[in-house]
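Letters go in sequence order (proteins before strands), and every chain restarts at 1. Side-chain atoms are counted along with the backbone in the values below, which use heavy atoms only and exclude waters and symmetry mates.
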Amino acid sequence: MATRSTRDWILHVDLDQFIAAVELLRHPELRGRPVVVGGTGDPTRPRTVAATATYEARAHGIHSGMPLRTAYKRCPEAIFLASDPPAYEAASREVMAVLREFPVRVEIWGWDEAFVGATTDDPEALAAGLQRAVRARTRLTCSVGIGDNKHQAKLASAFAKPAGVHLLTSDNWAETMNHRSTDALWGIGAKTAGKLAAHGLHTVAQLAAADPADLARHFGPTNGPWYRYLALGKGEAEVVTTPWIARGHSRETTFEHDLTDKADIAHHITKLAGRVARDTIDAGRQATRVTVKVRYTPFLTRTRQAKLPATTADPAAITQTALTVLGRFDLDRPVRLLGVAVDYAMPDDQPALDHLD
DNA sequence: TCTGGGGTCCTAGGACCC
DNA sequence: TCTGGGGTCCTAGGACCC
């Protein structure tokens, strides 16, 4: 291969089967067996879904997002494990620490992913070095995508699975992506792909060639042109190493049995609001707005929100506002989920000043 | 397949104001 | 008197992602 000149690259590091891999490190005797992780690990419990499934479980048609009861029917001999977020959090921190020991910029993107910005003439060697270090220190394997921007690198890491390295740049973008369906792009899902197809735009190539003004008319002034931008293989190329500042925070619960008693519903909202308030205090943040979410049976979701009288983290104030907002819902039908969310005040939000002139 | 939990961002319509 | 245009804020919902 020809020698490359030194320049900036974006790498996307994606841990392979992260949750399952962490569980198999703790339960090595389960290696090679169908394992499903989710909820409390009780496959008879309704309204619980799989967080992940090993390749052996996938061979039985099980996949993440599938109700555990369905997974159990498909493969009764599968091992069902409870989800253990603190364990995944800890494993994730170890991986990210390994990445940060390299002379690169690291942007954490969830438990099992990170973007790495590097200036190098050999991105493949860097990718292999990252993989070796992560495996040596954590016994976890990862796939690495290499691109000119985050979008390309993100798609490339999927092509690299499992445990491989794949390069997707502006040079091979068209040949790799043009024939694919638009939902192959990062940010276009099933719904948008369906709407695009209804406009005659089925493939990435067709979307790339579409008229931006026409897209803006049909898909919104920001989204329409953005879809075309994605189809051209463009994307954000800046790796942000400063910690992410959360925009908000929420807690929600799906109940195994529907709630019908209004006092019971209010009690659960009080508990959820209290948790959100404690989380807000723990995060050292302040809330500006409270949103209450109600999901009725069978699956109709409604939200109502209100601005807090003043920016606060006070549990009593947040709970009171949540209960007031709850009062605006129809509670005469069975409820399967309740949630409470807050918007956080952002650090650059200026307090409102009274203008006196 | 009877559908989790936790996030982010965009859009559209209405209120309100000048 | 029946009637414009724009700007901003608020709200609810939707789409997408991990």
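Summarising the geometry, the separation between CG on A:Asp112 and P on B:dG7 is reported as 16 Å, rounded to the nearest angstrom. As a whole-Å value, the separation of A:Arg295 CZ from C:dG14 P is 12 Å. The separation between A:Leu185 atom CG and C:dA15 atom C1' is 15 Å, rounded to whole Å. Taking atom CD1 of A:Ile188 as the reference point, atom P of B:dC10 lies 15 Å away to the nearest angstrom. Rounding to whole angstrom units, CG of residue A:Asp343 and P of B:dG7 are separated by 12 Å. Taking atom CD on A:Gln305 and atom C1' on B:dG13, their separation rounds to 14 Å, with Å as the unit.
Straight-line distance between the C1' atoms of B:dG4 and C:dC17: roughly 15 Å, to the nearest whole Å.
Nearest-nucleotide mapping onto DNA chain B: of A:Ile245 and A:Leu337, the residue sitting toward the 5' end is A:Leu337. Comparing A:Ala246 and A:Arg217 by the nucleotide of DNA chain B that holds the closest heavy atom to each, the one mapping nearer the 5' end is A:Ala246.
A perpendicular orientation is assigned to the rings of A:Tyr88 and A:Phe18, their planes being inclined by more than 60° (bins at 30° and 60°). Ring orientation note: the planes of A:His166 and A:Phe159 are tilted relative to one another, at an angle of 30° to 60°. Relative orientation of the A:Tyr227 and A:Phe219 rings is perpendicular, given thresholds of 30° and 60° on the angle between their planes.
The phosphate of B:dT8 (OP1 or OP2) has a side-chain N or O of A:Trp244 nearer than 4.0 angstrom. The side chain of A:Thr192 contributes an N or O atom lying less than 4.0 Å from OP1 or OP2 of C:dC16. Taking only side-chain nitrogens and oxygens, A:Arg247 never comes nearer than 4.0 Å to OP1 or OP2 of B:dG6. OP1 and OP2 of B:dG4 both lie 4.0 Å or more from every side-chain N or O belonging to A:Thr48. Remark: A:Arg336 is in phosphate contact with B:dT3, judged by side-chain N or O atoms under 4.0 Å from OP1 or OP2. Checking the phosphate oxygens (OP1, OP2) of C:dC18, a side-chain nitrogen or oxygen of A:Lys154 falls inside 4.0 Å. Between A:Trp109 and the phosphate of B:dT8, there is no side-chain N or O to OP1/OP2 separation shorter than 4.0 Å. In terms of phosphate contacts, A:Arg302 brings no side-chain nitrogen or oxygen within less than 4.0 Å of OP1 or OP2 of C:dT11. Remark: A:Thr254 is not in phosphate contact with B:dT3, judged by side-chain N or O atoms under 4.0 Å from OP1 or OP2. Between A:Thr222 and B:dT11, a side-chain N or O to OP1/OP2 separation shorter than 4.0 Å is present. Phosphate proximity of C:dG13 to A:Arg304: present, with a side-chain N or O under 4.0 Å from OP1 or OP2. Contact annotation: A:Thr70 reaches the phosphate of B:dC2 (side-chain N/O to OP1 or OP2, under 4.0 Å). One finds a side-chain N or O of A:His249 lying less than 4.0 angstrom from the OP1 or OP2 phosphate oxygen of B:dG7.
When each of A:Arg139, A:Lys161, A:Arg135 is checked for a salt bridge (charged side-chain N to carboxylate O under 4.0 Å, His left out) with A:Asp16, only A:Lys161 meets the rule.
At a threshold of 4.0 angstrom between heavy atoms, the contacts of A:Gly248 are confined to the sugar-phosphate backbone, with no base atom among them. At the heavy-atom level, A:Gly110 lies nowhere under 4.0 Å from the strands shown. At a threshold of 4.0 angstrom between heavy atoms, the contacts of A:Thr253 are confined to the sugar-phosphate backbone, with no base atom among them. Residue A:Trp111 is classed as having no contact, given no heavy-atom separation below 4.0 Å to the nucleic acid. Counting any heavy atom pair closer than 4.0 Å across all strands shown, A:Pro46 reaches no nucleic acid atom. Residue A:Ala190 is classed as a sugar-phosphate contact, given heavy-atom separations below 4.0 Å to backbone atoms only.
Comparing B:dG5, C:dC16, B:dT1 by their closest approach to the side chain of A:Lys191 singles out C:dC16. Taking the side chain of A:Arg328 as heavy atoms from C-beta on, and the options C:dT11, B:dT1, B:dG4, the nearest nucleotide is C:dT11. Closest contact between the side chain of A:Arg47 and the listed nucleotides B:dT3, B:dC10, B:dG6 involves B:dT3. If you check C:dA12, B:dC10, C:dT11 against the side chain of A:Arg289, the one that comes closest is C:dT11. Which of B:dG6, C:dA12, B:dT3 sits closest to the side chain of A:Glu252 comes down to B:dG6. In the set C:dC18, C:dG13, C:dA15, C:dC18 carries the atom at the smallest distance from any side-chain atom of A:Glu113.
A donor and an acceptor atom, one from each side chain of A:Ser181 and A:Asp183, are located under 3.5 Å apart. One side chain, A:Glu113 or A:His12, offers a donor N or O that lies under 3.5 Å from an acceptor on the other. A:Asp314 and A:Thr312 share no side-chain donor-acceptor pair at under 3.5 Å.
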| said: Between A:Thr40 and A:Asp42, is the side chain to side chain donor-acceptor pair (under 3.5 Å) condition met? List the steps. | reply: CA-CA 5 Å; A:Thr40 61; A:Asp42 175 0; 5.1 Å; no
Which side-chain N or O atoms in residues 29-37 of chain A pair as donor and acceptor under 3.5 Å with protein atoms at least two apart or in another chain?
none

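Paired regions of DNA chain C, where each region holds three or more successive Watson-Crick or G-U pairs whose two hydrogen-bonding distances fall under 3.5 Å, are B:5-18 with C:5-18.
Looking only at distances, no side-chain donor or acceptor of A:Arg336 sits under 3.5 Å from a matching main-chain atom of A:Asp258.
Under the stacking definition used here (centres under 5.5 Å, planes under 30°), the residue A:Phe299 qualifies as stacked on the base of B:dT3.
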